[in-house]
There are 2 protein chains.
Amino acid sequence: MGITKSDFFTEGQNKIAQWMKALGHPARIAIIQFLLEKKSCICGDIVDELPLAQATVSQHLRELKNAEIIKGNIEGNSICYCLNINTISQIQLFINQLNKDVFDNVENKCC
Amino acid sequence: MGITKSDFFTEGQNKIAQWMKALGHPARIAIIQFLLEKKSCICGDIVDELPLAQATVSQHLRELKNAEIIKGNIEGNSICYCLNINTISQIQLFINQLNKDVFDNVENKCC
DNA sequence: ATTTTTCATCGTAATATTGCAATAAACAAT
DNA sequence: ATTGTTTATTGCAATATTACGATGAAAAAT
């Protein structure tokens with residue numbers, strides 16, 4: 001079908017999956033790394049850094065924005081994108097808990 | 001097109017994106033949580049826990065395995081799946097570094 | 001006022017994902 | 001040997017994603 005049965009999963013499961021899905025493309029990872037590198041946050045030149053057309057980059061940015069991984073501000077003519085600390089922190093919480101649980105159960109592993 | 005231009009991104013970017021993509025579906029998050037909950041690792045009953053057909057669950061398990069998020073062992077008739085500590089740790093490393101970098105640059109944010 | 005710059009959106013094509021029924025494969029139990 | 005149990009695979013339909021050219025919109029620069 002190609003449609004995800006979101007209704008049958010918990011809100012938390014859907015939220016985490018949405019964040020992870022947004023991070024599930026190398027161009028979007030590259031965008032995030034670029035936003036970190038460019039401390040100035042004047043981010044109009046992401047297109048020049050990526051091997052993708054402007055329309056494609058804009059689409060990736062929109063997906064990151066929809067998932068609340070980044071925020072965008074209009075700055076006169078250009079737009080300034082920033083990482084959303086709040087979401088990144090929540091992702092970190094999930095991954096750290098996951099890692100802790102895995103290590104706590106390490107003696108119960110069978111493979 | 002629907003095809004990702006992986007060749008134009010770094011190995012690291014592709015690897016991280018692959019992990020995140022594998023985690024980018026609520027059913028796969030649910031599977032992971034179930035694997036953690038069931039400490040025994042006798043995991044033949046994932047199908048009963050999820051609102052999905054057996055074929056679909058098997059497909060999700062294969063994707064998690066391809067991304068090396070889980071490992072699977074044949075145990076007589078049934079199969080035992082476990083989380084791959086190594087990969088989970090690497091994901092944690094990436095997220096923790098990301099979070100650190102975001103916080104370090106908090107004063108340079110514009111939005 | 002016109003042109004340029006910057007970013008978003010629309011339309012479209014190619015490919016990928018999601019989901020399931022049906023079937024196969026591999027072993028266990030009878 | 002046959003039957004049941006468990007998981008994988010195949011084939012298919014519906015939907016989503018990825019990518020880009022063309023176009024639009026809004027402010028900046030000339």
Side-chain angles (χ1 to χ4, degrees), chain A residues 1-9 13-14 17-18 20-31 34-35 38 41-67 70-82 110-111, chain B residues 1-9 13-14 17-18 20-31 34-35 38 41-67 70-82 110-111:
Chain A
M1 291 165 185
I3 191 169
T4 294
K5 299 173 92 176
S6 312
D7 292 351
F8 294 93
F9 299 102
Q13 285 163 346
N14 281 310
Q18 192 198 4
M20 295 306 178
K21 193 176 182 179
L23 296 177
H25 192 288
R28 296 196 285 269
I29 297 293
I31 287 173
F34 183 71
L35 286 181
K38 278 274 171 193
C41 265
I42 302 162
C43 312
D45 34 19
I46 303 174
V47 176
D48 299 334
E49 291 291 315
L50 296 187
L52 297 170
Q54 182 267 326
T56 309
V57 172
S58 187
Q59 205 172 316
H60 282 305
L61 285 166
R62 185 174 52 194
E63 276 174 61
L64 286 169
K65 212 171 168 185
N66 282 344
I70 63 174
K71 293 190 278 190
N73 258 6
I74 294 170
E75 290 254 325
N77 199 3
S78 62
I79 289 200
C80 159
Y81 283 110
C82 282
C110 56
C111 37
Chain B
M1 290 164 185
I3 190 167
T4 294
K5 298 173 91 175
S6 312
D7 292 350
F8 294 93
F9 300 102
Q13 287 163 344
N14 281 309
Q18 192 197 5
M20 296 306 179
K21 192 175 183 181
L23 296 176
H25 193 287
R28 295 195 286 269
I29 297 293
I31 287 173
F34 183 71
L35 287 181
K38 279 273 172 192
C41 266
I42 302 160
C43 312
D45 34 18
I46 303 175
V47 176
D48 298 334
E49 291 292 314
L50 296 189
L52 297 170
Q54 182 266 325
T56 309
V57 172
S58 187
Q59 203 171 317
H60 282 305
L61 286 167
R62 186 175 49 193
E63 276 174 62
L64 286 169
K65 212 171 166 184
N66 282 344
I70 62 174
K71 293 189 278 188
N73 257 5
I74 295 171
E75 288 255 323
N77 198 3
S78 61
I79 288 200
C80 160
Y81 281 110
C82 282
C110 57
C111 40

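Every chain is numbered from 1, with letters handed out A, B, ... down the list of sequences.
One interatomic measurement links the two molecules: CD1 of A:Ile79 to P of C:dT5, which rounds to 18 Å at whole-angstrom precision. To the nearest angstrom, P of C:dG19 lies 7 Å from CZ of A:Phe9. Computed from coordinates, the B:Glu63 CD to D:dT17 P distance equals 14 Å when rounded to whole Å. Atom-to-atom, CD of B:Gln18 to P of C:dA16 comes out at 14 Å; the value is rounded to the nearest Å. Nucleotide D:dT15 holds its P atom 15 Å from the NE2 atom of B:His25, rounded to whole Å. Look at CZ on A:Arg62: it is 15 Å from P on D:dC20, rounded to the nearest Å.
Among the atoms of the strands shown, none is found under 4.0 Å from any heavy atom of A:Lys65.
Applying the side-chain contact (heavy atoms from CB on, under 4.5 Å) criterion to B:Lys21, with sequence neighbours excluded, gives no partner residue. By the side-chain contact (heavy atoms from CB on, under 4.5 Å) test, A:Ala30 pairs with A:Leu50, B:Phe9, B:Gln13, sequence neighbours left out.
Residues of residues 51-61 of chain A that place a heavy atom closer than 4.0 Å to DNA chain C, in numerical order, are A:Gln54, A:Ala55, A:Ser58.
Across its full length, the helix from C:dA1-D:dT30 to C:dT30-D:dA1 shows an angle of 20° between the axes of its 5 terminal pairs at either end, rounded to 10 degrees.
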For side-chain contact (heavy atoms from CB on, under 4.5 Å), just list the numbers for A:Phe34 and A:Asp45, CA-CA rounded to whole Å, side-chain angles, deciding distance to a tenth of an Å, and then say yes or no.
-> CA-CA 10 Å; A:Phe34 183 71; A:Asp45 34 19; 3.9 Å; yes
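Among residue pairs with one or both ends in residues 48-57 of chain B, none qualify as side-chain hydrogen bond (donor to acceptor under 3.5 Å, both in side chains); sequence neighbours excluded. Pairs engaging residues 55-64 of chain A under the salt bridge (Lys or Arg N to Asp or Glu O under 4.0 Å) rule: A:Arg28-A:Glu63 [sequence neighbours left out].
For B:Lys21, a side-chain nitrogen or oxygen approaches OP1 or OP2 of C:dT17 to under 4.0 Å. A:Tyr81 has a side-chain polar atom (N or O) that falls below the 4.0 Å cut-off from OP1 or OP2 of C:dA8.
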